[in-house]
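Notes to accompany the following structure.
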Amino acid sequence: MASQSIAVGLVFHALADPTRRAVVQRLGKGEATVSELAEPFDMALPSFLKHLSVLEKSHLIASQKRGRVRTCALQRDSLMAAERWFTEQRAVWQNRYDNLDGLLAKLSGE
Amino acid sequence: MTADLRFEFLVTNEGRALTIHREFAAGRQLVWDCHTKAELLDQWFAPKPLTTKTKHMDFRPGGFWHFAMLTPDGETYWSRYDYQTITPIDGYTTLDGFTDESGAINPDMPRAKLDVAFVDQKERTLVTTVVHYASADDLQKVIAMGMKEGMTSTMERLDELLERLG
């Protein structure tokens, strides 16, 4: 299954940046060309392309060239893998600490 | 859990760390004891329905905690924490590791460093745990091992996820 090779750690790294998060959010609504993606940002194109490159390396997005236009799409499996792992880890810590609340209440009452 | 006890779970340091903040309705000494004494750790550390069983505990720099988490159907997951620095009752640092029953570390898995800090918050105690991975790739290895087949998540919580990562 593809999820085994999805780079979730790299996904978190990719999502650590506000520009890249905004690109992911935009692509959540559907495919877009590089120029459409770059348009809202006051940023030189080479800098913006570096952000896209980080997103591609994390497999969060994939791009395809059609003629002279490059189009990007969100890779939902990568994002879902990251979300699932994050949710599971959060649940582990929440559950563990709920246990500790109970133990502390018991010990404080003694 | 009391509804207003602070709990935050964040991905930090550009995807190389997890930071967990949690408040407890008890004094710092008691919360510290619960983190550092085997007979108390055994009563809370494993998330339900798992239980914790300590095999060895030596809480001092250079010492380690070797324990198992047991599932209700009898599966056993061994780990150990190697203590590096200890400053009672302010904090400690430790290296985690996946092991077998003998305590031998699985060399194929990256080890994370945990930095656990205890701070007074009036009558409460705030515990901050930072789990540091050497790289995003290391975090990736840990995630890949724990990853189960069959993705069931949806995209519905995308905004919530991105907000937490910010």
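So that the names make sense, note that chain A is the first sequence line, chain B the second, and so on, each numbered from 1. Side chains included, hydrogens not; waters and symmetry mates left out as well; all remaining heavy atoms used.
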Interchain contact, [X] with chain A, by part (heavy-atom threshold 4.5 Å):
| X | answer |
| --- | --- |
| B/Val127 | side chain |
| B/Leu30 | both |
| B/Ala46 | backbone |

* Judged by atom type as modelled, is there a donor-acceptor pair below 3.5 Å linking the side chain of B/Asn13 to the main-chain atoms of B/Ala17? -> no
* Can you list the steps and then say if B/Thr128 with B/His21 is a side-chain hydrogen bond (donor to acceptor under 3.5 Å, both in side chains)? -> CA-CA 5 Å; B/Thr128 297; B/His21 300 286; 3.0 Å; yes
* State plainly whether the residues B/Glu8 and B/Arg6 are in salt-bridge range, i.e. N to O under 4.0 Å. => yes
* Asked: Between A/Tyr97 and B/Trp44, how do the two ring planes meet: parallel, tilted or perpendicular, split at 30° and 60°?
  -> parallel
* Asked: Would you call the rings of A/His51 and A/Phe48 parallel, tilted or perpendicular, where under 30° means parallel and over 60° means perpendicular?
  -> perpendicular
* Report the option among B/Leu40, B/Asp33, B/Thr12 that has the most heavy-atom pairs separated by less than 4.5 Å from atoms of chain A. => B/Leu40
* Structure fact -> Scored by heavy-atom pairs under 4.5 Å with chain A, the best of B/His35, B/Lys48, B/Gln43 is B/Lys48
* Based on non-hydrogen pairs under 4.5 Å, which of A/Leu103, A/Leu104, A/Leu100 is most in contact with chain B? -> A/Leu100
